[in-house]
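Written out below as C-alpha cells is the structure these notes cover.
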Amino acid sequence: MTNWTASDIPPQRGRTVVVTGTGGLGFEAALALARAGANVILAGRNVSKGATAIDRIRHDVANANVWFEALDLANLDSIAAFGEHLHASFDSIDLLINNAGVMAPPDRKMTADQFELQFGTNYLGHFALTAQLLPLLCKGNQPRVVTLSSVAARSGTIDFDDLQSERSYKPMVAYGQSKLACLMFALELQRRSDAAGWGIQSIAAHPGVSRTDLLPNGAGAKSAVGIVRRYLWFLFQPAAQGALPTLFSATSPHAQGGAYYGPNRLGETRGYPSAAKLPPQSLDIEVASRLWEASERLTGVLFSLEKVQHSSVADNRSISLPYH
C-alpha cells in the first residue's frame, strides 16, 4: 500500500455520510469527506461545538453540503431520537463513521442509562446507533460502517462479570475494554452482514497516537496523560494524519470488509494507512457473539431491517452474563 492521503479519496458526490464527534478525528474526517463532495451529517452532543465545526468546514470548503445534528451517545433516548429524525429525513445512508468517544476519566462515571461512561459511549452508544440506522444503510449505495478502535484494544479484555466496571474501575482498563468491544463489533457486524445479506462493509480503524482533545477532555488536562499530551505534543501525530485510516476505510476501493486499518509506522502509532494487526482476543468468535447478544439486551435494540422500536431497558443495566 502506498502512502495514501486524503488527496486519494475518490469523489464522494451523492453519498450521504454520518460522522459522530465534532472535534479532532471526527472533524477532520467530516472536512475531508465534504471536500470530496459528500453530504455530511456531523453528529455530536454539544450544539455550540457542532456549529463551530460546521462554520469551519464551510469556510474551508466552498458550497460544502454539511450540517450538524444533535446526538448524545451516552443517552439511548437521544440515539433513538436521532435515528427517528434520520429515518424521517433520508431514504438511505451510504456511510456511518462511529468515531466519537471518551477516554480515561479518572473517576467512574455513568451514562444517562447507568452504563460505565466509556463502555456506554464508545461502544454501546455506537452499537445502538448502528442498529437504528441499519435499515437506511442497507438501502445505501455500497454502504460502509467504519468503527474506531484504538491501540489500547491490544490490552483489552471483555469482562462479562463486570462489563460496567462496578466491582473495579481502572480508567485505562475500562477504556481498553470499550475499544476492544468496538473492534469486535466491527468484525462481528461484517460476519452478520455476510450471513444476512445486508450488503454492508464493516471495517475497523484506529488513529495511532494522535493530537486530539480526547486525553485532556477525558483524563483531565492536569492528569499525567493530559500533561504528556500538552508538553510532549510532538509525540502525537496531527489529527488530520490520524484520521487517514478512518478515511481510507470509509472511501478506498481497496479497503476490505472485516479488515482493520491503522498507521504503518512505529508500532502503528503514526504514519499512513495500512493493515493493522488484530489482537488475538479480538478474533474470538464465541466472545464476539456473546458480546453482541449482551449488547442487544443492554441497549434494547435488535439489528433488523425494520425500524428499531426503542424501549426501556432499565432492568438490564448491571446484568451479569454467565456462559451458557
Side-chain angles (χ1 to χ4, degrees), residues 73 76 79 83 96 98 101 113 115-116 118-135 137-138 143-150 152-166 173-206 249 256-261 276-306 308-311 313 315-324:
L73 287 161
L76 291 173
I79 295 168
L96 169 62
N98 289 324
D113 305 286
F115 303 133
E116 187 275 317
Q118 297 178 88
F119 191 73
T121 303
N122 300 349
Y123 170 60
L124 288 175
H126 283 120
F127 180 92
L129 175 64
T130 306
Q132 292 284 353
L133 300 186
L134 182 69
L137 286 162
C138 288
R144 295 188 188 186
V145 175
V146 178
T147 301
L148 270 286
S149 185
S150 165
R154 298 171 184 172
S155 59
T157 59
I158 306 300
D159 184 355
F160 287 108
D161 291 325
D162 195 22
L163 284 175
Q164 310 304 334
S165 303
E166 292 172 299
V173 171
Y175 182 70
Q177 176 181 247
S178 75
K179 284 302 182 177
L180 175 60
C182 287
L183 175 54
M184 297 183 79
F185 165 66
L187 303 181
E188 181 70 7
L189 178 60
Q190 184 64 61
R191 288 189 287 265
R192 295 191 180 227
S193 175
D194 291 341
W198 292 336
I200 291 173
Q201 272 192 310
S202 175
I203 305 171
H206 79 81
S249 302
Q256 300 294 312
Y260 185 33
Y261 298 99
K277 184 177 181 180
L278 286 160
Q281 65 271 34
S282 71
L283 300 174
D284 191 322
I285 294 176
E286 181 182 352
V287 171
S289 179
R290 187 179 173 212
L291 177 63
W292 185 287
E293 292 167 3
S295 303
E296 287 184 329
R297 287 195 288 271
L298 286 165
T299 61
V301 301
L302 295 174
F303 277 68
S304 166
L305 296 188
E306 300 297 323
V308 173
Q309 299 299 316
H310 180 56
S311 60
V313 289
D315 294 336
N316 297 333
R317 297 300 176 221
S318 302
I319 61 174
S320 177
L321 300 163
Y323 280 106
H324 56 273

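Contact check for F115 versus L163: no side-chain heavy atoms found under the 4.5 Å cut-off. Between D284 and I158 the shortest side-chain heavy-atom distance does not fall below 4.5 Å. L291 places none of its side-chain heavy atoms less than 4.5 Å from the side chain of E188. Side-chain contact between W198 and P143 is absent, with no heavy-atom pair separated by less than 4.5 Å. Within the 4.5 Å cutoff, no side-chain heavy atoms of V145 are placed close to those of S193. The shortest distance between side-chain heavy atoms of Y175 and S178 falls below 4.5 Å.
A distance of 5.0 Å separates OG1 of T130 from CG of L96, quoted to the nearest 0.5 Å. Separating the CG atom in N122 from the CD atom in E116 is a distance of 8.5 Å, to the nearest 0.5 Å. Rounded to the nearest 0.5 angstrom, M184 CE and I285 CD1 are separated by 9.5 Å. A distance of 9.5 Å separates CG in L183 from NE2 in H206, rounded to the nearest 0.5 Å. Here N98 contributes atom CG and L148 contributes atom CG; the two are 8.0 Å apart, rounded to the nearest 0.5 Å. Note: D194 CG to Q201 CD = 9.5 Å, rounded to the nearest 0.5 Å.
Put simply, the side chain of Q281 gets close to the backbone of A153: a donor and an acceptor are under 3.5 Å apart. For D113 (side chain) and L76 (main-chain N/O), a donor-acceptor pair under 3.5 Å exists by modelled atom type. One N or O on the side chain of Y261 and one on the backbone of Q256 form a donor-acceptor pair closer than 3.5 Å. Without hydrogens or angle criteria, S149 side chain to K179 main chain gives a donor-acceptor distance under 3.5 Å. Between the side chain of Q177 and the main chain of D159, a donor-acceptor pair closer than 3.5 Å is present. Remark: the backbone N or O of P135 is not paired with any side-chain donor or acceptor of E306 at under 3.5 angstrom.
Scanning all heavy atoms of the two residues, the minimum distance from C138 to L305 falls at SG-CD2, 3.4 Å. Across every non-hydrogen atom of S289 and R192, the tightest pair is OG-NH2, 3.6 Å. Nearest heavy-atom pair, G125 versus I79, reported as atom, atom and distance to 0.1 Å: O-CD1, 3.5 Å. Shown here for V146 and A205, the closest heavy-atom pair between the two residues is CG1-CB, 4.3 Å. The shortest non-hydrogen separation linking L298 to Q164 is CD1-NE2, 4.0 Å. Listed here is the closest heavy atom pair of A204 and S249: O-OG, 4.0 Å.
Checked against a 6.0 Å centroid threshold, the rings of F119 and F127 do not count as neighbours.
If you run side chain to side chain contact (heavy atoms under 4.5 Å, CB included) between Y260 and each of L278, L187, T147, I203, only L278 comes through.
Residues meeting the salt bridge (Lys or Arg N to Asp or Glu O under 4.0 Å) test with R144, sequence neighbours left out: none.
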